[in-house]
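Here the structure comes first, spelled out in structure tokens, and everything after it is commentary.
Here is how names work: the chains are called A, B, and so on, in the same order as the sequence lines, proteins then strands, and each is numbered from 1. Computed from a predicted structure; not experimentally measured.
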Amino acid sequence: MYKIAKENLTALFQKIAAEQELYLPVKTADKVNFGVWTEDAEVDLDTLKTVKSPKDVFFPQSETLYTCIREGKKIKVEPEALKEQNFVVFGMKACDIKGVEVLDRVFLVDPLDTFYAARRDHGTIVALACHEPEETCFCKVFGVDAAEPAADVATWMIGDELYWKALTEKGEALTEAVKDLLTEDGAAEETVGKEKEAIRGIIEQLPYSHLSLEGWNGDVLMEKFEDPLWDELYKPCLACGTCTFVCPTCQCYDIKDYDTGKNGVQRYRCWDSCMYSDFTMMAHGNNRKSQKERFRQRFMHKLVYYPANNDGMYSCVGCGRCVEKCPASLNIVKVIKAFQKKGGEQ
Amino acid sequence: MKTEQKRAEMIKEISGVNPLKCMKCGKCSASCPSYNEMDIKPHQFVSYVINEDIESLVQSRSLWKCLSCFACIERCPRDVKPGKLIDAARQIVVREKGQDYLTPDEIPELIDPDTPQQLLVSAFRRYRR
Amino acid sequence: MQELINRAKELLADGTVARVLGWKAGDLPYNPEPAYFEKEEDFADFVYNGFCGANLSKYMIEASKLEGKTLVCLKPCDTYSFQELMKEHRVDREKAYIIGVGCKGKLDIEKIRSMGIKGIKSISGAEIEDEAETLTIDTVYGEKTCAYKDAMLERCHVCKGKDHMVFDEVIGESKETKDADRFAEVEKIEAMSPEEKFAFFQKELSKCIRCNACRNVCPACSCRKCVFDSNKFDSAQKANVDSFEEKMFHIIRAFHVAGRCTDCGECSRVCPQGIPLHLFNRKFIKDINELYGEYQAGADLEPRTPLTSYEFEDVEPGIVAERG
Amino acid sequence: MQRIGVFVCHCGTNIAATVDVKKVVEMALHEPGVVHAEDYAYMCSEAGQELIHKAIKEKHLTGLVVCSCSPRMHETTFRNAAEKAGLNPYMVEIANIREHCSWIHKNIDEATEKAVILMRAAVAKVNLDAPLQPGESRVTKRALVIGGGIAGIQTALDIAEAGYPVDIVEKTPSIGGRMSQLDKTFPTLDCSSCILTPKMGEVNAHPLINIYTYSEVESVSGFVGDFTVEIRKKARSVDMNKCTGCGLCQEKCPSKKTPSEFNRGLSTRSAIYTPFAQAVPNVPVIDRDACIKFKTGKCGICSKVCQAGAIDYEQKDEIVTEKYGAIVVATGFDMIKLDRYDEYAYSQSKDVITSLELERIMNAAGPTGGHLERLSDGKAPKEIVFIQCVGSRCADDRGKSYCSKICCMYTAKHAMLIRDKYPDTNVTVFYIDVRTPGKNFDEFYRRAVEDYGVNYIKGQVGKVIPQPDGKLLVQGADLIDNKQILKEADMVVLAAAIEPNPDVRKIATMLTASIDTNNFLTEAHAKLRPVESPTAGIFLSGVCQGPKDIPETVSQAGAAAVKAIGLLAKDKLLTNPCTAHSDELLCNGCSQCANVCPYGAISYEDKEVNDHGIRETRRIAVVNDALCQGCGACTVTCPSGAMDLQGFSNRQILAEVDAICR
Amino acid sequence: MSIEKNEEFRPKIVAFCCNWCSYAGADLAGSSRMSYSADVKIIRVPCSCRVNPMFILRAFERGADGVIMCGCHPGDCHYTSGNFYARRRMTLLFSMLDYIGVENGRTRVEWVSAAEGAKFSQTMHEFVDKITALGKNVRLEDLRCRN
């Protein structure tokens, strides 16, 4: 295991960025989001949660798929190039990494999403363990260990040192590339071990850590779908897309055209939200006419439909961003608890 | 550009007058107190400029007979204001004499602040000949 | 709060109202949610405290369609929104029983977080009955305190006043919270050079994720279908893209609510990226006040707004360039 | 997808000399939806329209773009052509490549490039055009004429003769206007009253004409075929039905110091007065500002002497509301004020007068009983100087930029009349140009010079200096002799510029009729629609449209009448189908649109809608097609974009923007 | 900030003209042969009140360098009051554009009557000069539409 002093991190970033693109938490106008590293960027590794999850590194909020250009009476189709350069994402948390796993099961199965696959192939993830988990965190519920992120490289920020451990071949390669900035530390395992324990200790104390997922699995489709509880739960929902846009696992997108005039018609995809009234709107109208149906869709998808198709894996990783950001203070935890409470009453 | 053409342009530039606006009504000549002293009459000034015969203008007696009373400027219904053309022609003469003369912004530093403005203006007219 | 609950129960019991629209305690100390209460026992979860910032007037659009009256708890600033919605025939006054609730300033959890307070287990001092000047926050990382005032939403510092514009009755006391000039921030930007202005908004708006929270929470944005969702207008965009999109969205949104926006501040409260969206609306309000006379949307039921009325002597658009 | 035909007009060389029309045709064929493009020398000609007809039939076109002159010129022509070939006329768009392109640009490449872009924008718009069907609206078979001068009188008579009722609204107590103030008329020297008075009588007696004198238009609403007008009948203080017009009241009235408007202030009148002896109606009014009874409460002599008991001090202004199908504006003119022409001493000497004052002096019913005399001392003038173009043809803001048109002729008339009646009086006319286009006009002017010895001097007067002895020293220039002239005169007559009646601005605003910088009402087309305002149903008669003499005024009055009759003869009008419509699925029912609608065309109804399967009753804006005039104010006010304007839809305008910016 | 001075720069200018006054004024400028730059392209609208701020923003988004709106003089609107509403709307919109840092010379409103061909031409001259001096619109342009 290696370590690097906090004060040398800039040198580390410079070194990485010299070879490939580097994404990491950057503060802009008071908010921290993943962004491309530049000399001017204000890197912020202390903020636990970026506003948006880093999923857009692999699945951008909007990306052009191809462009149609009119040449006289003919139309030329120019597909967008796939990602060909390697890049590094630094500072992803355990929950977000699990989020990528959820996305993989959607985009990397047949039919393969080549745009996503190219980004996954070329991306190396350097994870950062959660130093001070917060009350909105409930990753433990979904089997995520915030103290021991599973990525290409795992790192821990302890005091003024960043501890570095490569976990995969990609991770080894990156370590090799920056090795002259890292120092070997024999006592590292022990130091990191203590940190892990501390983190796990805090997680035990968090209010959501013991949330029960009992009764949520791929087999309860109709029972949950028809539950009258939805009639009440959705009511505060404002039908905005905040929860879906900050979520590390939401993967719905819409495909739209933009006529640039001179540069042809760009066909692009962009994140969509099942909370939106025109989500999956078709010529005949809408599958889900009411906000209740749209609200139900989101949670049923995360806790029932997705597990049903993915060996019981939930499509929530407990990052807690929706808990923090929902304008109406709704969130998946409240939904789970509401059903739990109702179960208790029965 | 020929000299006369250049001089005509200069007169238009200095005076800010577009002589083509003249409708030949003659109100300038009708208003002029020095009319009888002049060899080229005020309304003719306009056509001399249009025809770019500046030499005749600068040689004319009229140039120095104009009192700058501004009656023609005041009354011209077409915004042609022959008085300004005359004044511009005088300027041409002065400039062509190559005399160094002060510009108005240089004056304040040289002059006693109590000197009446009127005097300064008259001085300008006279000494620039 | 108890008085409010008792009165609500009473009105529910005597059939005056069919339901009560208020706030239900959340599972964290700071996240109560807007909720309907229809039965006596539901009131166990009823809460009204410093974190009940949500403006419930917009929910009355849907509630107006329900059978019977809805009792709605409106803070002073919310009543402006309600009255504006009345003016626009989007809510039915007959379907509402308005209890004007007192307000001592509402809290912003983001402000508390920005002080580095995290792992929150409980918060005391946010109760409406308390005269507490200080919030005491118990966290997994130890006990923290912060001044109530420092945790208040921006909008409460420039409060329009604690009078309810429309109500059936008022319950609870209010406390003046205004301690800043409403247009100071706008003036600060106005004083910048074009380059600085552009850089400022570019930075803020680059964070926008087009989640539409600002729009959907806005009581003035009450369109059944927003132009930005409508294919008819050729302007529908779902996600942020390269450059102009956000500015276009936010300018048009501000323009659509200009003269109707009551400055309730919900847009800025809910923005996940903390974009000070109220700066757009307030700019229009400031311009309207300066150019067309003082105007407060929602303060009356006069149907014409500054943008649907005019004076012969109105200033020309050239004023913008003239005042530089 | 549309099948669009693009037709590029050369307009002879008007377009083709500056725009490469072949290039426009070639580029058009690359545009989406365009299946046909061709050019032709004159698209608007019979042969050009035939090309369009043929292409529509053969290529099964669904839309047309004509690249030609302004749509204000030939849009209707091409729409009609399309309709004849079975195409909806609203599927035609015009790219204005003449007025907006070839005529203002010189560089062929630039002009061609711009023409292509304008063509592209029009194609983009047609792609989104939808066939429109005009609705129908009714026509109120009654006309309103504003102004009771010769223009208004002639228009009213002509309309009434065609069998339609007409109301005349006249601001002063009598009809007659400026013409009633004139003595003789050129070029035949007829007595003005002799030819006008019978017409006034005819109007008064006509069963279909109703005259509101001493009245003003208060408000106008509605639109072509269906205007609603409020007329304020100012309190006359005399009962029109009782008064016999005996004139005793005027004779006995003790307040006789008010300057007579009719005599241009050269004489005075009583407080109760008819402006002149032949006034129609021959019923006096009480000028309440001058009347002792109204000022002090005492007097009441007129009431005492009135045998008919017609005096009514209690009378109040009355508002009459009436509906009209057509409105003719005939508000006439006045002379400009001369207070900014100090050099002519108008305000310093009583003997410097305007031509209209001279008319009154020459008139037998005027202040001097028709004797030509100096107002200062009553002496007969021996030297009279006329000064032309006072305030006309002026480039600065003291006067008017235009030629007042009538002065040359009336001055010749005056000069001639004076020389005829007073042969020992010398008349000198200082002129800049003498303009006499008109039948027998130049002959008339030549007679003044050749037969009557009027001295015409080319050169404007610089100054008029009143002398201590009462003479007027006129300082002028003779540009032909190239000498300055100092002439002593006994009287100076100024041909002051004429200007539209100042009230016309207010009336134009009420009528939404457009007006130019000189306050003359704008005609719909300078050459082809000279008596119509661009606002449908509003017609122009007389000097309100531009300077005119009497014969011209009368012919224009007749023309305006014919246009009005043509309108009134219709039972129904086709309405402009470019009206606003509200998409019921998008409408919030918020009432914002109704707030800005100038026509009250928007109402709201509770309507059950089916919004993609959700059925609910919603408050929805409904536009009354007959009332909507298609301004589009509502479309911008509507935040959800529910309100859209047919023919100028949001998507169409955006498409044009995109095409231009491409 | 240095403005790139490009000798070849030809601005793209969109002019919205109301049908009754300004479009007719532009026609008059045409029939009077009062030339102005070919960079100005006119869109005919029934009334200045038909101009949605979105049209103006869209033009900028699509790469226009200046947008000018012309209508009847206040009080002379063919529809009585349309230009009054337009005046308030544009005043607020321009103020907002100024507020977010867009050079305020890029937008303009001018009242041009049907009789003011000369004013139309003069106004377009001035506006084109102003926009040429300001240079390319980069702040509001959508990158996707860039050349």
*asked:* Taking side chain as everything from C-beta outward and backbone as N, CA, C, O, which of these in E/L97 sits under 4.5 Å from a heavy atom of chain C? Side chain, backbone, both or neither.
replied: side chain
_For E/A29 against E/G117, the heavy-atom pair lying closest together_ = CB-O, 3.4 Å
*Between E/A86, E/S81, E/G75, which has the largest tally of heavy atom pairs under 4.5 Å with chain C?*
E/S81
*Quick one: does NZ or CZ of E/R88 land under 6.0 Å from the six-membered ring centre of C/Y292, within 45 degrees of the ring axis?*
yes
*asked:* Is C/F201 in contact with chain E via its backbone, its side chain, both, or neither, using a 4.5 Å heavy-atom distance?
replied: side chain
*Is it the case that more than 12 heavy atoms not belonging to C/E311 sit under 6.0 Å from its CD atom?*
no
*Does NZ in C/K111 sit with more than 12 non-hydrogen atoms of other residues, nucleotides or ligands closer than 6.0 Å?*
yes
*Interchain contact, C/L205 with chain E, by part (heavy-atom threshold 4.5 Å)*: neither
*Examine whether an atom of C/E313 lies under 4.5 Å from a heavy atom of chain E, and if so say whether it belongs to the side chain, the backbone or both; otherwise answer neither.*
backbone
_For C/F280 and E/Y99, take the angle between the two ring planes, folded into 0 to 90°, and tell me which bin it lands in: parallel under 30, tilted 30 to 60, perpendicular over 60._
perpendicular
*asked:* Is E/R108 close to chain C through its backbone or its side chain, or both, or neither, when contacts mean heavy atoms under 4.5 Å?
replied: neither
_Under 4.5 Å from any heavy atom of chain E, what part of C/F312 do you find: side chain, backbone, both or neither?_
both
*State the CD1-CE distance between E/I42 and E/M124, to the nearest 0.5 angstrom.*
6.0 Å
*Atom group of C/S309 that falls short of 4.5 Å from chain E, counting heavy atoms*: both
